[in-house]
Asker: 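Sharing a structure with you now.
In this text, all values refer to a predicted model and were calculated from it rather than measured experimentally.
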Amino acid sequence: MLHTKTRASERRIALPTECLHSFKEHKERQDRERGQAGSAWSDSGLVFTTPTGRPLDPANLTRRFHSFLDRAGLRRTRFHDLRHSTATTLLLEQGVGLVVIKELLGHAHIGVTAGVYAQVRLRPQRQANDTLGNTLSPADGPDDPPATAAVR
């Protein structure tokens with residue numbers, strides 16, 4: 001039996017259709033590997049395994065991930081940082097609320113989510129201020145850049 005980090009981590013989440021298709025393809029590939037491995041297959045119950053069903057070695061995952069980043073010409077980062085990229089770039093910047101992101105990531109408290117992703121919220125704040133400024137200053141022309149100031 002596999003266990004989550006905490007009891008509160010056990011939850012169901014909705015996934016985008018693209019993810020479901022990827023998981024289906026992965027399961028089909030894993031079923032083929034199971035057939036090829038025969039009696040050598042170790043049924044770990046994990047979604048991502050070696051070709052013989054055993055848990056992935058974190059060092060091998062890191063090595064392969066860095067190799068992928070190198071081939072793509074991207075700077076090296078931790079595999080775990082993909083989780084933060086999802087929350088920041090793909091969700092926060094698209095206007096998804098912190099409560100929803102907290103639930104998706106399984107954070108116990110909204111403060112964790114807010115603290116980790118505070119720097120990303122600056123862009124929407126600037127956009128909100130620009131919108132407010134445009135509303136309060138209708139005399140400005142459409143091509144005038146919005147005024148911004150640093151607040152500490």
Side-chain angles (χ1 to χ4, degrees), residues 1-133 145-146 148-152:
M1 176 72 179
L2 300 174
H3 299 283
T4 54
K5 188 163 80 172
T6 67
R7 185 93 166 118
S9 296
E10 295 178 24
R11 65 196 184 283
R12 290 180 183 250
I13 59 170
L15 293 173
T17 303
E18 293 80 5
C19 290
L20 295 176
H21 289 305
S22 292
F23 275 123
K24 183 179 178 193
E25 289 173 8
H26 176 72
K27 182 172 181 346
E28 291 169 357
R29 189 170 43 254
Q30 194 174 50
D31 288 344
R32 287 191 301 274
E33 290 174 346
R34 178 181 285 118
Q36 291 170 351
S39 63
W41 180 263
S42 174
D43 197 3
S44 63
L46 297 172
V47 174
F48 298 100
T49 64
T50 67
T52 57
R54 290 181 172 70
L56 295 173
D57 179 338
N60 288 339
L61 178 65
T62 298
R63 216 174 358 264
R64 290 186 70 176
F65 180 61
H66 285 167
S67 174
F68 171 78
L69 293 174
D70 293 343
R71 285 193 315 272
L74 300 171
R75 73 175 172 83
R76 285 193 172 194
T77 185
R78 297 175 309 147
F79 186 80
H80 184 78
D81 291 338
L82 295 175
R83 174 181 167 92
H84 301 300
S85 296
T86 297
T88 56
T89 305
L90 301 178
L91 298 174
L92 269 177
E93 297 241 338
Q94 297 301 315
V96 175
L98 281 177
V99 171
V100 174
I101 294 171
K102 170 196 141 342
E103 292 167 356
L104 285 172
L105 296 178
H107 290 159
H109 306 285
I110 192 76
V112 172
T113 312
V116 171
Y117 305 112
Q119 72 282 0
V120 179
R121 294 194 320 263
L122 292 177
R123 182 175 172 192
Q125 287 175 10
R126 286 187 196 107
Q127 291 171 336
N129 284 333
D130 292 346
T131 299
L132 180 60
T148 58
V151 178
R152 294 195 165 116

Asker: Could you note down all residue pairs passing ring-ring contact (aromatic ring centres under 6.0 Å, His included) where residues 32-69 supplies at least one of them, sequence neighbours left out?
Answerer: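 ring-ring contact (aromatic ring centres under 6.0 Å, His included) check on residues 32-69 returns His26-Phe48, Phe65-Phe79.
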Asker: Could you give the distance from CD1 (Ile101) to CG (Leu91), rounded to the nearest 0.5 Å?
Answerer: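 Here the interatomic distance stands at 5.0 Å.
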Asker: Is the closest side-chain heavy-atom distance between Val96 and Leu104 below 4.5 Å?
Answerer: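 Side chain of Val96 against side chain of Leu104, heavy atoms only: no contact under 4.5 Å found.
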Asker: Which pair of non-hydrogen atoms, one from Val47 and one from Gln30, has the smallest distance, and what is that distance?
Answerer: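 Heavy atoms of Val47 and Gln30 come nearest at O-NE2, 3.1 Å.
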Asker: Tell me the closest heavy-atom pair linking Leu105 and Arg83, and the distance in Å.
Answerer: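 Closest pair (atom of Leu105, atom of Arg83, distance): O-NH2, 2.5 Å.
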Asker: CG/Leu82 to OG1/Thr77 distance, rounded to the nearest 0.5 angstrom?
Answerer: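 Atom-to-atom, Leu82:CG and Thr77:OG1 are 7.0 Å apart.
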Asker: Report yes if some heavy atom in the side chain of Gln94 is under 4.5 Å from a heavy atom in the side chain of Leu92; otherwise report no.
Answerer: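 No - every pair of side-chain heavy atoms lies 4.5 Å or more apart.
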Asker: Report the residues that fulfil side chain to side chain contact (heavy atoms under 4.5 Å, CB included) with His21, sequence neighbours left out, ordered by chain and then residue number.
Answerer: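 His21: side chain to side chain contact (heavy atoms under 4.5 Å, CB included) contacts with Thr17.
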Asker: Working to the nearest 0.5 Å, report the span between NZ of Lys102 and CD1 of Ile110.
Answerer: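 The distance works out to 6.5 Å.
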Asker: Just wondering, do Arg75 and Leu69 contact through their side chains at under 4.5 Å, heavy atoms?
Answerer: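 No. Closest side-chain heavy atoms not under 4.5 Å.
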Asker: Apply side chain to side chain contact (heavy atoms under 4.5 Å, CB included) to Arg54 and Thr49, showing your working.
Answerer: CA-CA 5 Å; Arg54 290 181 172 70; Thr49 64; 6.0 Å; no
Asker: Provide the closest heavy-atom pair for Thr50 versus Pro55 in the form atom of the first, atom of the second, distance.
Answerer: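 Taking Thr50 first and Pro55 second, the nearest heavy atoms are CG2-O, 3.7 Å.
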Asker: Do Arg71 and Ser67 get their side chains close enough for a donor-acceptor pair, meaning under 3.5 Å?
Answerer: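 Judged by distance alone, the side chains do pair up.
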Asker: Keeping the roles fixed (side chain from Asp81, backbone from Arg78), state whether a donor-acceptor pair exists under 3.5 Å.
Answerer: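 Answer holds: yes.
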Asker: Quick one: do the Ser42 and Ser44 side chains pair a donor with an acceptor below 3.5 Å?
Answerer: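 On atom types as modelled, these side chains do not qualify, holding no pair under 3.5 Å.
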Asker: What's the separation between atom CZ in Arg34 and atom CG in Asp31, rounded to the nearest 0.5 Å?
Answerer: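 Going from the CZ atom of Arg34 to the CG atom of Asp31 covers 5.0 Å.
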Asker: If you measure from CZ on Arg76 to OG1 on Thr62, what distance do you get to the nearest 0.5 Å?
Answerer: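 Between Arg76 CZ and Thr62 OG1, I get 10.0 Å after rounding to 0.5 Å.
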